[in-house]
Amino acid sequence: MDLLHRTHTCGNLRGPDAGKTVVLTGWVETKRDLGGFVFVDLRDRHGVTQVTFDPTGGNVLFTTAQDLRPESVIGVEGVVASRGRNTNKELPTGEIEVRATRVEVFSRADTPPFTVTDETTANEDLRLKYRYLDLRRRPIAKNIVLRHRIAKAARDYFDRQGFLEIETPFLTRSTPEGARDYLVPSRVNPGRFYALPQSPQLFKQLLMVAGMDRYFQIVRCFRDEDLRADRQPEFTQIDVEMSFADVDSIAGLIEGLLQQLFREVSGVEIPAPFRRLTWDEAVRDYGTDKPDLRFDLRLVDLTVPVRTRDGGGVGLFRKAVEAGGIVKALAVRAPNTLTRTDIDKLEDQVKQLGSKGLARAKIEAPGQWTLAPWAKDMDPHLKAEIEHLCAVNPGDVILLQFGRARDVNLHLASLRQTLARKFGMVKPGEHAFAWITDFPLLEYSEEEQRYVACHHPFTSPRPVDVEKLENAPGAVKAQAYDIVLNGFELGGGSIRIHDRDLQSRVFTALGIGEAEAQSKFGFLLEAFRYGAPPHGGIALGLDRLAMLMAGADSLRDVVAFPKTARAVDLMTEAPAGVDERQLEELRIRLKA
RNA sequence: GGGGUGGUAGUUAAGUUGGUUAUAACGCCGGCCUGUCACGUCGGAGGCCGCGGGUUCGAACCCCGUCCACCCCGCCA
């Protein structure tokens, strides 16, 4: 038999296969040399099978076996034999072993820098440098398989729903607004640059104008921004756009997709329709637009009572509300308790986020607070009101933040997450999906001294808010939505503007003049003159979805060749310098 | 750009008043071993203590700078 062509994988032989002559190929995971007998665990991505060598097979065969090294690649011919009493219950193939009759070493491996085993202690930078070894480890390989199955199930789903997968250009033009672009110089057009797409946004809208109706694409996107555990500079979106759509039709489509993915890939039934929260509600109750809804633990807004009583005798409160800030709290109620040390740790946590401190009060009795020197002159009526709003009883603790809304929400949302984990409020295996709707259309940017789009400049305002575009742009809500799973933003989208007049009013609100609009998005505006259907869409982060479905903590665990926090590929050492000649061809000179 | 954590044999870690020859486990090399599956057992080799300065009679340890990895803030339409 030919040792190059396996008859089975290392994962699929079972007891009833006993007696068959087989060929297996794979990597030597471990070798146990007992002197007169050699056991080899042979691995491929499908599993592990024990191969045995004994001296009766001949001297050459046996000494070859004794010389095998971990991670060498071999082909083995042998006879499947039942292991009887020696069955290994840890292995799916544990009922059998392959008694080798021939072996060929295709490739002798050097000692690897770390052992390729399910459990590894190797640091992540080492694993990234030798990513091809890390990918041999089942826990990582399994994630890559999972990712394939998600992509496959998504393609099948959209195909059944009548969607077309259409490719869009990677070499495209830089657009203002949004993330920093990765630029690609054009050799044939010196001084000009392509930009890699942050998303195929404009192209998918043009496909709607083109009458393609229902588009999707599993597509790479690029953003030159700083990385996080859940952010890579290149990432994959399941990108969708649909004509004649409203918020409900997109939500229904995506709920169907996620139900299908979880059913097919994870065997989990998720209930739909998903919960919906407006952006205002999410920020009010959870301090974030991507709340983890596996637990409740809401923030309590104390701004109104504090403002009504002009701070209630607490100087810090008065100053906060006078400056337009807010006061919010988290209540820790029985049976949960916090020690002083616990609270100090929580204070460290919010200080790391930029908070000045963590005001706390332990309720000893109604109106009688300890740990709270700041509250010693507080109006007893305000105290009573706060106790009521926080629904606290003696023994409970209130944690407070006050100041700029953005900061207060950030700090308390972070505490909420920590407290839920500490008190075991997260039910394992739960999937808390939710739609966050009615995002603000625009947000004032201090840095740029103008309004910028919260989603993107083509997002449609809610019809009821259109009249506010000129006078109260900050109050306009958008037909934009995010889908959130367990505190992660899985994706987001919007109904788009398909009317030229409305589009130019939004551009005006954004401070984008007619000339700039024409030069940057002229092709889109022009397209809208020739019959644009109402349309909308969404993009889901495939990497994040895979991460959550895999139960991983980092995108790096579900991306075959990920980059580090400094956007470096430790294996190829990209980005790297280039030859002077290449730069010359591109007419690029580096600044000294 | 800012904050935090870490960096000591191939790997993972230990290493306190700054003091002889820097430990251990796994891995590696050599010997023995026919039912192992984290094989066992005996022996051995292996170190720019991230890098560069400084303090000191003397630095893995103290100080300054710097690089790398991870986490977070800013940033991410």
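Per chain, numbering begins at 1; letters A, B, ... match sequence-line order.
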Legend entry - Donor-acceptor pair present, A:R223 side chain and B:C76 base, under 3.5 Å: no
Inset, instruction - Please measure how far the P atom in B:U23 lies from the corresponding atom in B:G47, and state the result in whole Å. - result: 13 Å
Legend entry - Sub-4.0 Å heavy-atom contacts from residues 434-442 of chain A onto RNA chain B, ordered by number: none
Inset, instruction - Would you mind listing every side-chain hydrogen bond (donor to acceptor under 3.5 Å, both in side chains) that reaches into residues 221-231 of chain A, with sequence neighbours excluded? - result: A:R180-A:E225
Legend entry - ring-ring contact (aromatic ring centres under 6.0 Å, His included) partners of A:Y444, counting only residues at least two apart: A:Y451
Inset, instruction - Once you apply the 3.5 Å cut-off to both distances, tell me the Watson-Crick or G-U wobble partner of B:G40, or none. - result: B:C32
Legend entry - A:R32 (side chain) and B:C33 (base): donor-acceptor pair under 3.5 Å: no
Legend entry - RNA chain B contacts among residues 77-89 of chain A, heavy-atom distance under 4.0 Å: A:R83, A:N86, A:N88
Legend entry - Under 4.0 angstrom between A:R127 side-chain N/O and B:C70 OP1 or OP2: no
Legend entry - Residue mapping more 5' on RNA chain B - nearest nucleotide basis, A:V452 or A:V568: A:V568
Legend entry - Contacts of A:K520 that satisfy side-chain contact (heavy atoms from CB on, under 4.5 Å) - sequence neighbours left out: A:P176, A:E516
Inset, instruction - Run the salt-bridge test on A:R137 and A:E119 with the 4.0 Å N-O cut-off and return the result as yes or no. - result: no
Scan nucleotides 2-11 of chain B against the protein and return all N/O pairs shorter than 3.5 Å with their distances rounded to 0.1 Å.
residue, atom, partner, partner atom, Å
B:G10, O2', A:P113, O, 3.4

Inset, instruction - Salt-bridge test for A:E97 and A:R99: reply yes if a basic N is under 4.0 Å from a carboxylate O, no otherwise. - result: yes
Legend entry - Complement of B:A45, any strand, by Watson-Crick or G-U distances under 3.5 angstrom: none
Legend entry - Side-chain donor/acceptor contact of A:R406 with base of B:G74 under 3.5 Å: no
Legend entry - N-O pairing of A:D482 and A:K290 below 4.0 Å: no
Inset, instruction - For B:C72 and B:G27, measure between their C1' atoms and round to the nearest Å. - result: 35 Å
Inset, instruction - Between A:T115 and A:R99, name the one whose nearest nucleotide on RNA chain B is closer to the 5' end. - result: A:T115
